[in-house]
Amino acid sequence: MTDAEAAPNQEEFTATDQCVMCGLCLPHCPTYAETENEADSPRGRISLIQAMARGELPADRRLSTHLEGCLSCRACEDVCPSGVPYGRLIDNARTELRRRVPPNPMRDALRQAFAAHRTLRRTLYAATRLARLSGLWSLAKRLGIQRLPGLGRLHALTGRLPAAHLSFDAVGRDSNPAVYLFTGCAAEIFDRETLEAARRVLLILGYHVLTPEAQTCCGALHQHAGDRQAAQALARANFSAFDNDIPILVTSSACATTLREYDTLLGAKGRLFGQRVHEIGEFLSATPWPEALEPRPLAQRAAVHTPCSQRRVLHAPDVAFTLLQHIPQLELIPLPGNDRCCGAAGSYMIEHPQMADALAAPKVRAAADLAPELLITTNIGCAMHLARALAENGQAVEVLHPVTLLARQLAGMPPRA
Ligand code: SF4
Ligand code: SF4
């Protein structure tokens, strides 16, 4: 059904009235910068959401194109002088769109399977590693898999798949301060190295690290797709898995924002849960660094990319610099254009490849100018998207999480008692 009708849950859209249509957010919106279409700007999208909620606009393809085209980067929310909670509004709008227009069942099933089933993720990891080691992956490229929509993009994104074991065992002394480690869904396949690095660094700094097996995806993919029910089910599973009142550390900044905002999915108990959530860079930056602990020097140049989740939502853009300053001789340079989204945005980079590529292009050019050996980022989605874009541009830059680099330079150091 696409006819105009008022949304039954009007209170979810009252915050649109906070928008005074000043337009101060427009220069900060990446999609507006690309299309120069008001309907692809925050102000335009808020007007569309208002009209849809009041029943003045049918939920047709044109409306969904403009609302789905938003990256949820929240640059607009960050600069808005009226405090419009844009991130929450766009999620609510997508939920309303989904109520009116039946979603693609195949896409839903794939998202659900990937997010909620660790066995499937483990199988995918093993199969992809095998395909790459056996040469099947290169053969698929030679046969032109890159030209197939969706599949070609997935193939290119899996160019980054380091061999690493993922362990859920507790590490560190029971008597040391305990922390939880959140593993996430994509990170369990594509960022095992960072998860293991986080465990090692925390162990060296004297923590008792718990990694509950019962945890699951944070729910961001579902929430941004308007599937609130599925997102809530995942949030409830995580609420049960992280049941002790201790900090929950997250290596992916985008997952950290979702977990921190569990009040939108679980209400008051979600708010309390969110207060325990820390992006790992923030947590480690606030941890006193032992004087005797000196990482090995590294005479390399590293460009630092700051994900939108880290800058716009967590408001902690400098954590990678704070952490990596412990490594002697490492040259750290901010990647120019860090205030603009790279286009990764969860599954956006697969569903909207043209816009995603257009937004990655300036990052690739900036990296070419700096010629770094390393590119540092705190979000797995950005890491995959940028690694693919850099590789396609012929740049041999290793893309990695700051904690991974720190763990490498701390290799062999004993755990702190
Ligand atoms: S969202 Fe905020 S900054 Fe943008 S037009 Fe509305 S009031 Fe102005
Ligand atoms: S969230 Fe980002 S892409 Fe979406 S309207 Fe705001 S600035 Fe534009």
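Every number for a ligand or one of its atoms is a count from 1 in the order of the listing. For the single chain, residues carry numbers from 1 onward in sequence order.
- A centroid separation of 6.0 Å or more is found between the aromatic rings of Tyr207 and Tyr180.
- Counting only heavy atoms of the protein, atom 3 (S) of ligand 2 lies nearest to Leu71 N, 3.5 Å.
- Note on ligand 1: Pro81 sits in its first shell, one or more heavy atoms being nearer than 4.0 Å.
- Looking at His224 and Asp91, their side chains do bring a donor and an acceptor atom within 3.5 Å of each other.
- Annotation: cation-pi geometry not satisfied between Arg271 and Tyr262 (NZ/CZ under 6.0 angstrom from ring centroid, within 45° of ring axis).
- When only non-hydrogen protein atoms are considered, atom 2 (Fe) of ligand 2 lies nearest to Cys73 SG, 2.3 Å.
- For atom 2 (Fe) of ligand 2, the N/O/S atoms of Cys341 include none lying under 2.8 Å.
- Heavy-atom proximity to atom 5 (S) of ligand 2, evaluated over Arg45, Glu34, Arg43, is greatest for Arg45.
- With ligand atoms numbered from 1 in the order given, ligand 1 contributes 1 (S), 2 (Fe), 3 (S), 7 (S) to contacts under 4.0 Å with heavy atoms of Cys80.
- Ligand 1 is approached by Gly23 to a heavy-atom distance shorter than 4.0 Å.
- Contact annotation: for Cys25 versus ligand 1, heavy atoms closer than 4.0 Å belong to both the backbone and the side chain.
- In terms of protein heavy-atom proximity, atom 8 (Fe) of ligand 1 is nearest to Cys22 SG, 2.3 Å.
- With Thr404 contributing its side chain and Leu400 its backbone, the two residues share no donor-acceptor pair below 3.5 Å.
- Of all the heavy atoms of Tyr86, the ones lying under 4.0 Å from any atom of ligand 2 belong exclusively to the side chain.
- For atom 1 (S) of ligand 1, the closest non-hydrogen atom on the protein side is Ile46 CD1, 3.6 Å.
- Gln300 CD: more than 12 foreign heavy atoms inside a 6.0 Å radius.
- What sits closest to atom 7 (S) of ligand 1 on the protein, heavy atoms only, is Val20 N, 3.4 Å.
- For residue Cys70, no N/O/S atom approaches atom 8 (Fe) of ligand 2 to within less than 2.8 Å.
- For the pairing with Phe182, the side chain to side chain contact (heavy atoms under 4.5 Å, CB included) check across Asn238, Val277, Leu195, Thr211 returns one residue only, Asn238.
- Less than 4.0 angstrom separates some heavy atom of Cys29 from each of these atoms of ligand 2: 3 (S), 5 (S), 7 (S), 8 (Fe).
- When all heavy atoms of Glu96 and Asn9 are compared, the pair lying nearest together is OE1-OD1, 3.4 Å.
- If you run side-chain hydrogen bond (donor to acceptor under 3.5 Å, both in side chains) between Gln310 and each of Thr257, Asn338, Asn379, Thr378, only Thr378 comes through.
- Taking the six-membered ring for Trp and thresholds of 30 and 60 degrees, Phe273 and Phe242 have ring planes more than 60 degrees apart, a perpendicular arrangement.
- Here the shortest heavy-atom pairing between Ala256 and Leu314 reads CB-CD1, 4.2 Å.
- The contact set between ligand 2 and Thr31, taken as ligand atoms under 4.0 Å from a residue heavy atom, comprises 3 (S), 8 (Fe).
- Near Arg74, meaning under 4.0 Å from one of its heavy atoms, ligand 2 places the atoms 1 (S), 2 (Fe).
- The 12-atom threshold is not exceeded at CD of Glu36, counting heavy atoms of other residues, nucleotides or ligands nearer than 6.0 Å.
- Looking from atom 6 (Fe) of ligand 1 to the surrounding protein, the closest heavy atom is Cys19 SG, 2.3 Å.
- For ligand 1, the atoms closer than 4.0 angstrom to any heavy atom of Ser82 are 7 (S).
- Taking a 6.0 Å sphere around CD of Gln354, one finds it holds 12 or fewer heavy atoms contributed by other residues, nucleotides or ligands.
- At a heavy-atom distance under 4.0 Å, only backbone atoms of Ser72 (N, CA, C or O) approach ligand 2.
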